[in-house]
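Each chain gets a letter, A, B and so on, in the order its sequence line appears, and its residues count up from 1. All figures in this text were calculated on a predicted structure; none of them were measured in a lab.
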Amino acid sequence: MSESKGRFGKRVRNSGSWKDDSDLQNDLESVHPSMKRANNKVSKTTTDRNDERKSRISEITADEEQMLFGNKINLEDYENNRQEIFHQQPIDTSPHTLELPKREVDILRLEVTQFQERVDRNGLKSLSAEEKSEFESRKELLHTLQKNNKNESFLLPEDYLTEEGKIDLAKKAKALKMDMKAERKQRENEWYENQVNRAQQVNQLTKLKKETVNETEKQYEYVFDQSHMIDYVPDIPEDEMKELENKIELEELIVQEEKRISSIEETKKSLPVFQFRDELLRSVGKYQVLIVVGETGSGKTTQLPQYLYEAGYGKHGKMIGCTQPRRVAAVSVAARVADEVGTRVGDKVGYSIRFDEKSSENTVIKYMTDGMLVREFLTDHDLAKYSVMIIDEAHERTLQTDILLGLFKNLLKKRPDFKLIISSATINAKKFSDYFDSAPIFNVPGRRYPVEIFYTQQPEANYLSAAIITVFQIHMSQKSSGDILVFLTGQDEIETMAENLAETCKKLEGQIKEMVICPIYANLPPEQQKRIFEPTPKNARKVVISTNIAETSLTIDGIVYVIDCGFVKENVYNATTGMESLEVLPCSKASADQRAGRAGRVGPGKCFRLYTKWVYLNDLPRNPTPEILRTDLTGVVLLMMTLGITDLVHFDFMDKPSTKTLVKALELLYALGALNERGELTNVGIKMAMFPTKPMLSKSLLASSELKCCDEVLSIVSMLEDTGSLFVNSKEKKEMAKNAHASFHSKIGGDHLTLLQIWDKFAESGFSPQWCHDNFLQYKVLQKARSVKKQLQRICRRLGLLSDGPHESEREPNTTALRVMKAITAGYFSQSARLSPRGDTYTTLSRKQPVLIHPSSTLHGAVPPVKLIVYHELVMTTKEFMRHVMPVQGKWLAEYGRNYFDKKDLL
DNA sequence: GAGCACTGC
């Protein structure tokens, strides 16, 4: 027999072995004939009390009245006692002398409770005047008692009722806890006293019997003699006390959790998508591809994967995937769903985004960015891990979504068991359906408040001033307190408008209500971005002036009015010239509707469009141009080649990119050595595809390994990924910022070595945000570069490009700069330009195009001017500019660009 | 001597 942890086991030793409770029962009966009854009593006083305790805990929710009032008083007793106690013996209720026996307090308490119940049921009016005053006085008396005697804990209705008379569960739980603690303490005290008394008796008896009774065998026998029966009170040792306490706390948590779950269940059921659950699952079972049209607020993003999981799509080690175009969306939706499912993120529900993955073997529902899924295709061509994939927000038509759609169209033939669900807004559902061979469209209504739309009567010549006037019109004419969201195209406009509004407000001070002006755009430092989420003060109106960051990426609460200028800034890529330009273009109808929708999130809203209805109907394009039609596709082509898709010109894209763009991509890949003469992928190409960077940058990284300057090039490449907003240009401290930036300049190596300098100093500072601030650099951007570098480093190491040995450049420090520049040239030879004979402009080598060095470059205005340069990008703003330039030697271009240039070009 | 829509790997 093993050692038992039961109380009796420790106490009663028999036949040299420890007993558990059930054995003990038999033993007891055999010890003494009188034990049978006593034994029962022992049993009752221990186990039953335990049970009682347990049931008390679990009854917290089930039988509240019983629990709260310990209502064991007989009503007749009550009446009799009442006569006796209250009428025959008037009591002194002054606070200092007041002391009542427990029973009387119980009666009082019951009385108050019954009054309260009557009031709860029928209202205060149901009591007669006499009863009312009695009720009041009893209540007061009880209060006084409670105040006087803190050891006695009473639960008054006030302890758990809200002002409206409903039960406040949080309050009640707290009150209950107090009550139980007090009771436990009391029981403990009683037990202690009892034990002391018994112990004294036992001692005396022991003395008496010791002489005659065999000590070892029968030491405890007398204990079971009826006359000396011990009234057992549950012994609560330290650890068990803790356990009990934990248990009570746990129970409280469970109560809260149950509340939470029931509220989750209610919310889930109230979502529009819920009533379509079964029908949706039937359709998914029946068709391989399903287009789900669900407006915002339908709940499809959170519910659909759960429905699929409940229907068994997560079985047999397969996962349910759901892609999102944005990182924050993937993370926040995963958190939400994990909460609903009742697991922590990373367990059953996980997510996967760049630099951050939370998933495990248990993960069955996985949210991810669409770009992440594209990369996943590289390691798992058949996506064997997934049984179903949901492409959410497909109508946004991001580059990655479009690639995925193409890849899935191929995959569906290979895997008939695989299910694909495309979730889109109404506007282009048909297009998705057509693309997937007339896949059925499933409509789920959304839940949004109506938004009233207003157009201008005539076209507005200047939408900026029109927007300002409209803001004041709303502010002064609309009585309700909703906030205003203004959509403009860029930082410049936003700042201008913010200043203008602030000035006008100042002039009108005292005549109008306060206005809180919040500009918002992606490049705004995060701490300033947070301002838009601060609640609007009373009697003020918030005016958020935003780019289209607020169209999809950010949701601001409290917006009731939207002002839409009708334009967007869009990056336009010209495949022929390789030139990018940021242009202000009319936004699409889809965008305009999306913007208007932002007014209807909290209640009915209004949208003021600064253009005519005619323009909306006739001039605005239906949808924005899909990204795939307006970007460089070199990286996409390389990726798809790696996936075995060789005939890209005939690949079934939803919107086919121009042949010109594809051919240009193929040519460059050939020149970079990623493809051979027959257009087949080379080893270099395979390695390049491993990097999540533009192929030109990947090529530079490969070259840097041979040139023993991998670390330096890694830094530069990581920073080139996102250079647009590295420098902070503060208006007030323009000179200081300029000087700070100038301290990093490198005339020899151009902008690339400047970036390297910045990186090295940033690293030296210990990646300090303060250092960034002091040097007018965006911490956010450098921080991201740091993550990128870490990721690229890992890949380099995996490919054996980066040795862990001593710093490569330490061996030959003098030539480091040159080797770095050479490595960059290995990727960028195709983007080179030569100084024109007159010495004031440059001409691109590939297309003989006139271009200029961007004024932000360190090489701008260099004396003497650099003869031969490569550039990172070509941008068309006021003129054709090369941004991020670096001097090169002709022989480098000849070496790396031998498949690109005619020999005579280089002479 | 100019200027930076927004995402994502």
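Contact annotation for A:Thr398: no contact, since no heavy-atom pair falls under 4.0 Å across all strands. At the heavy-atom level, A:Arg883 lies under 4.0 Å from the strands shown only through sugar-phosphate atoms. Base contact: A:Glu721 has a heavy atom under 4.0 Å from a base atom. Heavy atoms of A:Phe881 sit under 4.0 angstrom from primed sugar atoms or phosphate atoms, though from no base atom. In this structure, A:Thr547 reaches the sugar-phosphate backbone alone: every heavy-atom distance under 4.0 Å involves primed, P, OP1 or OP2 atoms, never a base. Nucleic acid contact class of A:Ser856 (heavy atoms, under 4.0 Å, all strands): none. Within 4.0 Å of A:Arg354, counting heavy atoms only, lies at least one base atom of the nucleic acid. Within the 4.0 angstrom heavy-atom criterion, only backbone atoms of the sugar-phosphate kind lie near A:Ile549; the bases stay farther away.
Taking the side chain of A:Arg326 as heavy atoms from C-beta on, and the options B:dA5, B:dG3, B:dG8, the nearest nucleotide is B:dG8. When distances run from any side-chain atom of A:Met372 to the nucleotides B:dA2, B:dA5, B:dC9, the shortest one goes to B:dC9. If you check B:dG1, B:dA5, B:dC4 against the side chain of A:Asn548, the one that comes closest is B:dA5. For A:Arg630, whose side chain is taken as the heavy atoms from C-beta onward, the closest listed nucleotide among B:dC6, B:dA5, B:dA2 is B:dA5. When distances are taken from the side chain of A:Lys879 to each of B:dG3, B:dA5, B:dA2, the shortest belongs to B:dA2. With B:dG1, B:dC6, B:dG3 as the choices, the nucleotide that has an atom nearest any side-chain atom of A:Tyr521 turns out to be B:dC6. Closest to the side chain of A:Ser553, from the set B:dA2, B:dC9, B:dT7, is B:dT7. Candidate nucleotides B:dG3, B:dC9, B:dG1 were compared by shortest atom distance to the side chain of A:Ile353, and B:dC9 ranks first. When distances run from any side-chain atom of A:Asn571 to the nucleotides B:dC9, B:dA2, B:dA5, the shortest one goes to B:dA5. The side chain of A:Glu627 lies closest to B:dT7, out of B:dT7, B:dG8, B:dA5.
Taking atom CG of A:Leu404 as the reference point, atom P of B:dC9 lies 12 Å away to the nearest angstrom. Computed from coordinates, the A:Lys569 NZ to B:dC4 P distance equals 7 Å when rounded to whole Å. The distance from atom CG of A:Leu488 to atom C1' of B:dC4 is 15 Å, rounded to the nearest whole Å. The NZ atom of A:Lys738 sits 8 Å away from the C1' atom of B:dG1 (whole-angstrom rounding). The interatomic distance linking A:Ile628 (CD1) with B:dG8 (P) rounds to 18 Å, in whole Å. The CG-C1' distance, from A:Leu639 to B:dC9, rounds to 9 Å in whole Å. The interatomic distance linking A:Leu852 (CG) with B:dG3 (P) rounds to 11 Å, in whole Å. Regarding A:Asn523, its CG atom lies at a distance of 13 Å from the C1' atom of B:dT7, rounded to whole Å.
For A:Tyr871 and A:His884, the distance between ring centers is not under 6.0 angstrom. Separation of the A:Phe744 and A:Phe762 ring centroids does not fall under the 6.0 Å cut-off. Outside the 6.0 Å centre-distance limit, the rings of A:Phe727 and A:Phe776 are not counted as a close aromatic pair.
In terms of phosphate contacts, A:Arg375 brings no side-chain nitrogen or oxygen within less than 4.0 Å of OP1 or OP2 of B:dG8. The side chain of A:Thr877 contributes no N or O atom lying less than 4.0 Å from OP1 or OP2 of B:dC4.
Position along DNA chain B of the nearest nucleotide to A:Ser725 versus A:Gln400 favours A:Ser725 as the more 5'-ward residue.
Salt bridge A:Lys366/A:Glu376: present, at least one basic N to carboxylate O contact under 4.0 Å. Ion pair A:Glu460/A:Arg609 not flagged as a salt bridge, since none of the NZ, NE, NH1 or NH2 atoms sits closer than 4.0 Å to an Asp/Glu carboxylate oxygen.
Taking only distance into account, the side chain of A:Lys694 never meets the base of B:dG8 through a donor-acceptor pair shorter than 3.5 Å.
Distance alone, capped at 3.5 Å, is enough to place a donor-acceptor pair between the A:Ser698 side chain and the A:Lys694 backbone.
Relative to the six-membered ring of A:Phe487, A:Arg595 meets both conditions, a distance below 6.0 Å and an angle of at most 45° to the axis.
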